[in-house]
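Notes for the one structure printed next.
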Amino acid sequence: MVTRPPTTRECVVGRGADGRIALREQAEDGITLRSHEVDPQDWPQRAREIEDAVGPRWVLPDAATWCPALLDAGVVLARCHDLRLAHRILARSVLVRDARALREASAWETPEETAAQDPQRGTALFELDAAGRTGGVPQQIAEVLAEHARQQEAVAQSAEPSRLRLLLAAESAGALVAAEMHAAGIPWDVAEHDRLLTESLGPRPRRDQVPARMAEVGAAVRAALEDPILSLDSPPRVLRALRRGGIDVSSTSQWELAEHDHPAIPPLLEYKKMARLLTANGWHWLDQWVHEGRYRPVYVPGGVVTGRWASSGGGALQIPRRLRPALRADPGWRLVSADVSQLEPRVLAAMSGDRAMAAAGAGQDLYSGIVEAGIVATRQEAKVGVLGALYGGTTGDSARVVPRLRERFPRAMRLVDDAAAEGERGGIVSTWLGRSSPPPEEAWSTAQRSSNLPDAGQAEQERARRSARDRGRFTRNFVVQGTAAEWALSWMAALRLALAGFPAVPESEAATPSGPAFAPRAHLAYFLHDEVIVHAPASQAEAAAAAVREAADGAGRLLFPGSPVDFPLDLQITERQAEK
DNA sequence: TACGACGGCGCG
DNA sequence: AAAGCGCGCCGTCGTA
């Protein structure tokens, strides 16, 4: 029997005395092996040494605070535990049997998301607020260690330690990915973007002027409505003008406008499209968010209650499809773009163990599979029905199709129906790995209770029932959307590690500094719920594509061992994104 | 003048 | 076409 000396598994990071950075290297069982402090200017180098020598799990107060400076110095951490994100999950997961200690550590209860980040701002490691905290969470090493201990205890005593560990690892990997993607940026072709804008709107006008084509189209609307000074940017005024012109609409939304036949309608719809493009992704956006050929949005991991990412500034999750051609690889590089087909219904099939639903999607388009199984007549019906099942559709086609799905996919439908019922009762639901939905607000519960009292009026009862159904639709979707987010995080986490193992390509292939810490190798560049884009040297594109596929298979096996559900990808290697 | 609500629309 | 879920961002408008 050989006893090996304990090896470092974790390195806890915080602030020490006199502005120094404190490190605690710990063994598997939490025993401290080494405790030291470094000066801030030595920190990236020391982190690199520890990373290379040990490859620990880095326990960080908040990866969003710590990673930028490390990445600036070219240091990439392979694994971390983000205490801020983990706290949010554990403090309200129903799998945690006793979350009191966590909830009492109120300094870790931070707002849902960070403020929009000024893209010009530097990445100073520490900007202390009045309470001596950075990024809203405590940084002092003693408090960092205390929180880490609370979290480990909470997980160990939970009903499902292994699931929660997976969730926290995935969430933390996501935090690293977000920091790295922000540092790397998305390769963006400014000239192509400008060309698309000019094509649609006319050439870039002088400051605050309306682009020429847009002005023409606006003039056509005013002429058709015989209102020469009408402001088209004010829905109420446009609505009044439309009604004066004899067009009976109740709003100015495009789908309602599209139903009417009037000479003002086509130019108005076109104007609205143009205005949207100009204000959301026009030249001003380009100036603000794209620098040196890179678009750097601010991702907010865990920013949505379901666990999806949000974004803050730059509109990372809303890039219009028509601008996709501006996404272009560097010369000699490629974009490896992949999205998962019907991620949410597949996740539902897997988590519910619904074999019929798994079979419908096996190796093919899930909606077509539903048609082939004779459940509905058309792919469109299948899609509307499935979306209705996931979102709680009660009208039109989905109301007609959902009962048929309930008959043929009873286990899948029971899972979402149960989640809805739980939500309507005011209960809490959880994702596959244990992220729990927020409890109802106090006002909601009060309204539900009072509507049950004998003297409650008809209107009050109806209002309460409607808000119960609203909440039911939220919890119905929460379990699926949240589990899909977990699948996507697992996918990215595996992919990230695989790409980090790619060799750096020779200098000649590295046209522009690229990738995490600007190593010239394939790296993640974009993520959107069920889609990733890898920016890869041409020589690594095929290998990156294989890694994307393997990571997707791996995510399925990790979350749903033994499940027959597959997660097929639509994958393309291109120099420029297609418009789609 | 500042700010939140809201309409509208982009994304999954 | 939207519907049924989750977002962010822009501009307007009413109110403080």
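Lettering of chains follows the sequences in order, A, B, ..., and the numbering in each one begins at 1.
- Ranking C/dG4, C/dG8, B/dC11 by closeness to the A/Ser311 side chain, first place goes to C/dG8.
- When the nucleotides C/dG4, B/dG10, B/dG12 are ranked by their closest atom to the side chain of A/His529, B/dG12 comes out on top.
- The side chain of A/Ser253 lies closest to B/dC9, out of C/dG6, B/dC9, C/dA3.
- Side-chain atoms of A/Gln318 come within donor-acceptor range of the base of C/dG8, with a qualifying N/O pair under 3.5 Å.
- Between A/Glu109 and A/His87, the side chains place a donor N or O and an acceptor N or O closer than 3.5 Å (distance only, hydrogens not considered).
- When the side-chain nitrogen and oxygen atoms of A/Arg276 are compared with OP1 and OP2 of B/dC9, none of them lie within a distance under 4.0 Å.
- Of the side-chain N and O atoms in A/Lys272, one or more sit less than 4.0 angstrom from OP1 or OP2 of B/dC9.
- A salt bridge does not link A/Glu199 with A/Arg322: every distance from a Lys NZ or Arg NE/NH1/NH2 to an Asp or Glu carboxylate oxygen is 4.0 Å or more.
- No hydrogens or angles considered: a donor-acceptor pair under 3.5 Å links the side chains of A/Tyr271 and A/Asp233.
- Here the side chain of A/Asp397 is nearest to one of C/dG6, B/dC11, C/dA2, namely C/dA2.
- Between the side chains of A/Ser437 and A/Thr475, no donor N or O sits under 3.5 Å from an acceptor N or O.
- Cation-pi geometry between A/Arg296 and A/Trp289 is not met at under 6.0 angstrom from the ring centre and within 45 degrees of the axis.
- Base pairing analysis places C/dG4 opposite nothing; no Watson-Crick or G-U wobble pair with both distances below 3.5 Å involves it.
- Here C/dG4 is in the syn range [glycosidic angle within 90° of 0].
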Per-nt protein contacts along nucleotides 11-16 of chain C (heavy atom under 4.0 Å; B base, S backbone sugar-phosphate only, - none) come out as SSS---
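- Under 4.0 Å is where a charged nitrogen must lie from a carboxylate oxygen, and between A/Arg414 and A/Glu407 no such pair does.
- Counting atom types as modelled, A/Arg308 pairs a side-chain N or O with a base atom of B/dG12 as donor and acceptor under 3.5 Å.
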